[in-house]
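First comes the structure, then the notes that go with it.
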Amino acid sequence: MTRNPLMSLPRSAARLPRMAPDMGRLPVGSIVTLTDDVTTRLYDTGEDHLTPVVLLHGMAATGMLNWYQTFQRLQGEYRLITYDQRRHGMGDGGRFDFQSLSEDVLRVSDHLELDAPVIGGYSMGGIVAQLAARRDPSRLGGLVLAATGTGAQRNALEKITLGSLTRSAPALNAVPIEVAREIDDEVPGAYTWAIRELASVPLATHRTVIAEVARFNSTSWLHELDLPVAIIKTMRDIAFPRWIQDEMADLLPHSAVFPITAGHAACATHPGRFARRMRTAIGWVVSNRQ
């Protein structure tokens with residue numbers, strides 16, 4: 001009897017059909033070189049006349065896996081761009097730390113010759129977006145920060161949260177590459193695409209990202225970011241509790257909060273509602289740009 005490779009997947013992966021993209025409505029990815037030793041897979045809807053929005057994915061995801069729901073719903077309203085960050089998907093080469101990832105944001109902007117793009121960041125991507133804005137705020141039109149915060153592991157509660165994330169890392173959508181390779185053409189295309197995207201992020205990357213989050217703390221300099229920042233506040237978030245998101249909003253001199261009643265994976269569990277919040281948040285940033 002042939003074993004079904006899907007039986008060995010985490011429960012989150014078994015629910016993938018409901019989250020499957022319509023690939024025909026998404027741009028085709030291309031491999032681009034950001035530096036001599038860093039390449040990535042980049043997606044760009046390409047409308048030069050629309051405001052550019054660069055979307056940064058979270059831990060254990062890839063660019064399109066994190067953002068395809070937003071692409072499908074907001075395409076035609078903004079020029080939407082995403083890419084695989086280092087050690088995720090097809091983001092290859094270079095050292096992995098959040099400072100290096102923030103430099104890549106500006107490299108992508110230079111590569112596409114973008115004029116003051118809005119940067120949207122989800123979870124880890126929100127931390128990278130903060131650092132990119134700190135590096136050179138004049139290059140950006142504003143930020144949209146979703147399911148993210150000022151950092152973590154600054155008190156006992158946060159240490160407990162990070163500890164539980166570390167222990168449960170295999171459940172964080174980690175799909176063994178051996179399982180992905182076993183999936184054949186009899187499995188629906190949506191399964192194949194999503195599972196292979198998940199499998200492209202090794203478990204070692206999960207642990208590295210958690211360690212980077214533990215070291216990150218933007219409370220001492222967020223007040224310096226003089227650009228509009230919209231915060232999509234995930235009300236049931238455990239990874240970045242509400243008070244950390246509130247702290248971020250309070251420290252930023254020009255911010256607005258757009259709550260969504262959902263947990264840390266709101267982009268996947270509530271895609272329609274999340275895309276509507278993204279639309280509102282991006283619109284607020286664009287209307288408040290200097």
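If you read the sequence from its start, that first residue is 1, and numbering goes on from there. None of these values were measured; they are calculated from a predicted model.
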*Parallel, tilted or perpendicular: which describes the rings of His57 and His88, with under 30° parallel and over 60° perpendicular?*
tilted
*Within-4.5 Å side-chain heavy-atom neighbours: Leu74 and Leu80*: yes
_Arg273 side-chain N/O to Thr261 backbone N/O, donor-acceptor pair under 3.5 Å_ = yes
*asked:* If you compare all heavy atoms of Gly142 against all heavy atoms of Leu227, which two are closest, and at what distance to 0.1 Å?
replied: CA-CD1, 3.7 Å
*Indicate yes or no: at least one non-hydrogen side-chain atom of Thr82 is less than 4.5 angstrom from one of Thr70.*
no
*Where the side chain of Thr150 meets the backbone of Thr219, is there a donor-acceptor pair that is under 3.5 Å apart?*
no
_Residue from Val53, Leu112, Thr51 passing side chain to side chain contact (heavy atoms under 4.5 Å, CB included) with Arg79_ = Leu112
*Could you give the distance from CD (Glu77) to CD (Glu47), rounded to the nearest 0.5 Å?*
10.5 Å
*State plainly whether one hydrophobic cluster holds both Trp221 and Leu145, where clusters connect Ile, Leu, Val, Met, Phe, Trp and Tyr through side-chain heavy atoms under 4.5 angstrom apart.*
yes
*Value rounded to 0.5 Å, distance of CG in Leu56 from CG in Asp84*: 11.5 Å
_Do Met90 and Val54 land in one hydrophobic cluster if side-chain heavy atoms of ILVMFWY residues count as linked below 4.5 Å?_
no
*Can a salt bridge be assigned to the pair Arg107 and Asp110 using a cut-off of 4.0 Å between side-chain N and carboxylate O?*
no
*Looking only at side chains, do Ser123 and His264 share a donor and an acceptor under 3.5 Å apart?*
yes
_Any Met278 side-chain heavy atom under 4.5 Å of Trp67 side chain_ = yes
*Taking the side chain from Arg134 and the backbone from Leu225, do they hold a donor-acceptor pair closer than 3.5 Å?*
no
_I need the minimum non-hydrogen distance between Ala262 and His270, along with the two atoms involved._
CB-ND1, 3.6 Å
*asked:* Are there over 12 heavy-atom neighbours, none belonging to Asp36, within less than 6.0 Å of that residue's CG?
replied: no
*Would you find more than 12 non-hydrogen atoms of other residues, nucleotides or ligands less than 6.0 Å from Asp136 atom CG?*
yes
_Non-hydrogen atoms of Phe258 and Thr280 that approach each other most closely_ = CE2-CG2, 3.6 Å
*Taking side chain as C-beta onward, heavy atoms only, is Tyr122 less than 4.5 Å from Val144?*
no
_Test item: Arg86 side-chain N/O and Leu101 main-chain N/O as donor-acceptor pair under 3.5 Å_ = no
*Between the main-chain N or O of Val105 and the side-chain N or O of Gln85, is there a donor-acceptor pair closer than 3.5 Å?*
no
*Is the closest side-chain heavy-atom distance between Leu26 and Tyr43 below 4.5 Å?*
no
*Trace of the side-chain hydrogen bond (donor to acceptor under 3.5 Å, both in side chains) decision for Gln75 with Thr45*: CA-CA 7 Å; Gln75 198 163 222; Thr45 58; 5.2 Å; no
*Please report the closest heavy-atom contact between Val285 and Leu143, naming both atoms and the distance.*
CG2-O, 3.3 Å
*asked:* For a 4.5 angstrom cut-off between non-hydrogen side-chain atoms, does Val229 reach Met248?
replied: no
*Ile127 side, atom CD1; Phe240 side, atom CZ - distance, nearest 0.5 Å*: 4.0 Å
*ILVMFWY cluster, Val28 and Val32 together (side-chain gap under 4.5 Å)*: no
*Check Ser102 against Leu131 and note the closest heavy-atom contact, atom names and distance.*
CB-CB, 3.6 Å
*Out of curiosity, Asp226 CG to Ser138 OG, how far, rounded to the nearest 0.5 Å?*
11.5 Å
*Taking all heavy atoms of Phe98 and all of Glu212, pick out the closest pair and write down the distance.*
N-OE1, 3.2 Å
*From Ile210 atom CD1 to Thr205 atom OG1, the distance as rounded to the nearest 0.5 Å*: 11.0 Å
*Are the side chains of Cys267 and Asn66 in touch, meaning some heavy atoms are under 4.5 Å apart?*
yes
*Hey, could you give me the OG/CG distance between Ser200 and Leu65, rounded to the nearest 0.5 Å?*
8.0 Å
_Salt-bridge contact Asp246-Lys233 (side-chain N to carboxylate O under 4.0 Å)_ = yes
*asked:* More than 12 heavy atoms of other residues, nucleotides or ligands under 6.0 Å from CZ of Arg135: yes or no?
replied: yes
*Answer yes or no: is there a side-chain heavy-atom contact under 4.5 Å between Leu34 and Glu103?*
no
*Verify, without hydrogens or angle tests, whether Arg289 (side chain) and Ala116 (backbone) share a donor-acceptor contact under 3.5 angstrom.*
yes
*Is the number of heavy atoms from other residues, nucleotides or ligands within 6.0 Å of CZ (Arg242) greater than 12?*
no
